[in-house]
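What follows is a set of notes on a single structure, which appears directly below.
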Amino acid sequence: MSNFSVGFRKNGDVQVLDLKGELDAHTASELEAAIQRCQSENHCKIVVNGEGLMYISSAGLGVFMAYIEELREEGGDIKIAALQPKVYNVFDLLGFPMLFDIVETEEEALARFRKEKEEGAEG
Amino acid sequence: MAQSVYKITIPSSTRYLEDVRQFVERHARQADLPAEVVEQLKVAVDEACTNVIEHAYKGEGEHQIDVAVIVKPDRLTIRIRDEGESFEPERYEEPNIFEFARRHKKGGFGVHIMRRLMDRVEYRTRGKVNECSMTKYRNNNVKKDA
């Protein structure tokens with residue numbers, strides 16, 4: 001029985017993924033399947049809401065790592081929001097805040113996508 | 001020196017990682033370690049066991065992993081034993097996340113995380129048994145080579 005789930009929500013052209021439970025080498029494939037589903041539906045702007053994520057190991061971090069470049073090449077991104085402090089600490093150990101937008105709230109992540117879209121339209 | 005030893009054996013499958021984390025959490029809490037350290041120990045044992053499952057046993061689920069939590073007055077040590085392919089720590093390359101992202105790499109961060117979280121991480125092989133020993137001292141000021 002898996003102690004991890006991914007919920008899907010749309011907010012404009014952004015796909016929000018709600019992570020719940022514990023993300024490790026056993027459950028990482030579920031996150032990978034969720035990101036692949038976003039890609040197959042041409043949703044390359046993804047906000048990961050980590051409020052319900054209680055644990056992460058490097059296997060979970062590795063999924064974000066494996067897809068971030070592809071999504072950015074497609075004009076999208078993965079922005080990570082609302083992480084529990086103990087989960088953020090694991091992201092921080094590997095220096096993920098240098099590679100990913102990690103913000104405190106989902107609204108902040110959505111606002112960053114809106115801002116990037118406006119800047120893109122102006123440019 | 002007085003010590004308590006708690007042991008668990010799991011099959012070499014990722015489905016048992018949660019059990020190992022709970023086992024370590026229970027005994028680390030009983031040893032009165034701070035909540036932050038308990039979290040660090042959970043991640044470290046998870047990373048070590050994942051490496052055994054994926055690399056030492058190459059994903060074959062029919063093997064066993066022996067995990068022991070050894071509590072001493074000044075430290076907690078997690079000892080992991082397997083009989084798979086041995087790990088050569090001197091060949092481990094520290095991860096560069098930008099390079100890993102460029103190469104779409106999913107793994108290779110486990111040992112780095114273990115070393116960052118624990119005060120001491122050691123590997124040894126005796127006969128066909130590989131052993132990874134990870135220690136956290138109660139006093140943060142104790143040097144890793146003390």
Side-chain angles (χ1 to χ4, degrees), chain A residues 1-5 20-36 39 53-74 76-80 83-102, chain B residues 10-22 24-25 28 34-59 61 65 92 94-118:
Chain A
M1 188 66 186
S2 170
N3 177 24
F4 177 74
S5 66
K20 283 194 171 56
E22 302 195 355
L23 187 49
D24 62 12
H26 192 58
T27 56
S29 58
E30 293 176 51
L31 175 62
E32 185 163 16
I35 293 177
Q36 286 173 343
Q39 277 187 312
L53 184 66
M54 296 300 141
Y55 175 85
I56 194 164
S57 72
S58 70
L61 298 177
V63 177
F64 294 117
M65 186 77 93
Y67 287 91
I68 188 66
E69 287 290 316
E70 265 178 43
L71 288 163
R72 285 178 179 164
E73 281 164 14
E74 293 162 12
D77 197 7
I78 300 175
K79 299 190 191 298
I80 301 165
L83 293 176
Q84 300 290 336
K86 63 183 180 183
V87 172
Y88 175 83
N89 287 343
V90 183
F91 277 83
D92 196 31
L93 271 179
L94 280 173
F96 266 52
M98 290 190 294
L99 186 61
F100 289 83
D101 261 345
I102 303 180
Chain B
I10 60 161
S12 55
S13 163
T14 54
R15 71 176 61 245
Y16 300 98
L17 290 171
E18 192 180 347
D19 296 338
V20 173
R21 292 198 299 270
Q22 287 173 355
V24 168
E25 180 175 16
E36 187 186 346
V37 173
V38 174
E39 286 303 315
Q40 292 172 340
L41 294 168
K42 284 166 64 181
V43 175
V45 75
D46 178 324
E47 299 294 348
C49 289
T50 298
N51 281 346
V52 170
I53 293 163
E54 293 183 348
H55 302 296
Y57 289 134
K58 306 200 180 308
I65 305 173
Y92 178 74
E94 291 294 325
N96 173 324
I97 57 167
F98 298 101
E99 180 61 23
F100 276 36
R102 222 171 3 254
R103 288 157 56 191
H104 302 180
K105 272 196 77 166
K106 280 188 214 161
F109 328 114
V111 173
H112 176 80
I113 287 182
M114 288 154 59
R115 287 175 175 162
R116 288 289 305 275
L117 293 177
M118 302 297 285

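Letters A, B, ... mirror the listed sequences (proteins, then strands); counts begin at 1.
- Across all non-hydrogen atoms, the minimal contact from B/Lys106 to A/Ala66 is CG-CB, 3.5 Å.
- Nearest heavy atom pair, residue B/Glu18 against residue A/Glu22, reads CG-OE1, 4.0 Å.
- Of the inter-residue distances, the one linking B/Phe100 atom CZ with A/Leu94 atom CG reads 9.0 Å to the nearest 0.5 angstrom.
- Within the 4.5 angstrom heavy-atom criterion, only side-chain atoms of B/Arg21, from C-beta onward, approach chain A.
- By the salt bridge (Lys or Arg N to Asp or Glu O under 4.0 Å) test, B/Asp19 pairs with no residue at all, sequence neighbours left out.
- Heavy atoms only, all atoms of each residue included: A/Gly95 and B/Ile97 are closest at O-CD1, 3.1 Å.
- Here A/Met65 contributes atom CE and B/Lys105 contributes atom NZ; the two are 9.5 Å apart, rounded to the nearest 0.5 Å.
- Summarising the geometry of B/Leu17 relative to A/Asp24, their closest heavy-atom pair is CB-OD2, 3.8 Å, with the distance given to 0.1 Å.
- Here the shortest heavy-atom pairing between A/Gly62 and B/Phe109 reads CA-CE1, 3.7 Å.
- No part of B/Ile53 comes within reach of chain A, as not one of its non-hydrogen atoms sits under 4.5 angstrom from that chain.
- For B/Gln40, no part lies near chain A; criterion is any non-hydrogen pair under 4.5 Å.
- Contacts of A/Leu99 with chain B are made by both backbone and side-chain atoms, with heavy-atom separations under 4.5 Å.
- The local environment of CD in B/Glu94 is crowded, with over 12 non-hydrogen atoms from other residues, nucleotides or ligands closer than 6.0 Å.
- Proximity to chain B (any heavy atom under 4.5 Å) is shown, for A/Phe64, by neither the backbone nor the side chain.
- Within residues 85-92 of chain A, the residues having any heavy atom less than 4.5 Å from a heavy atom of chain B are, in residue-number order, A/Lys86, A/Val90.
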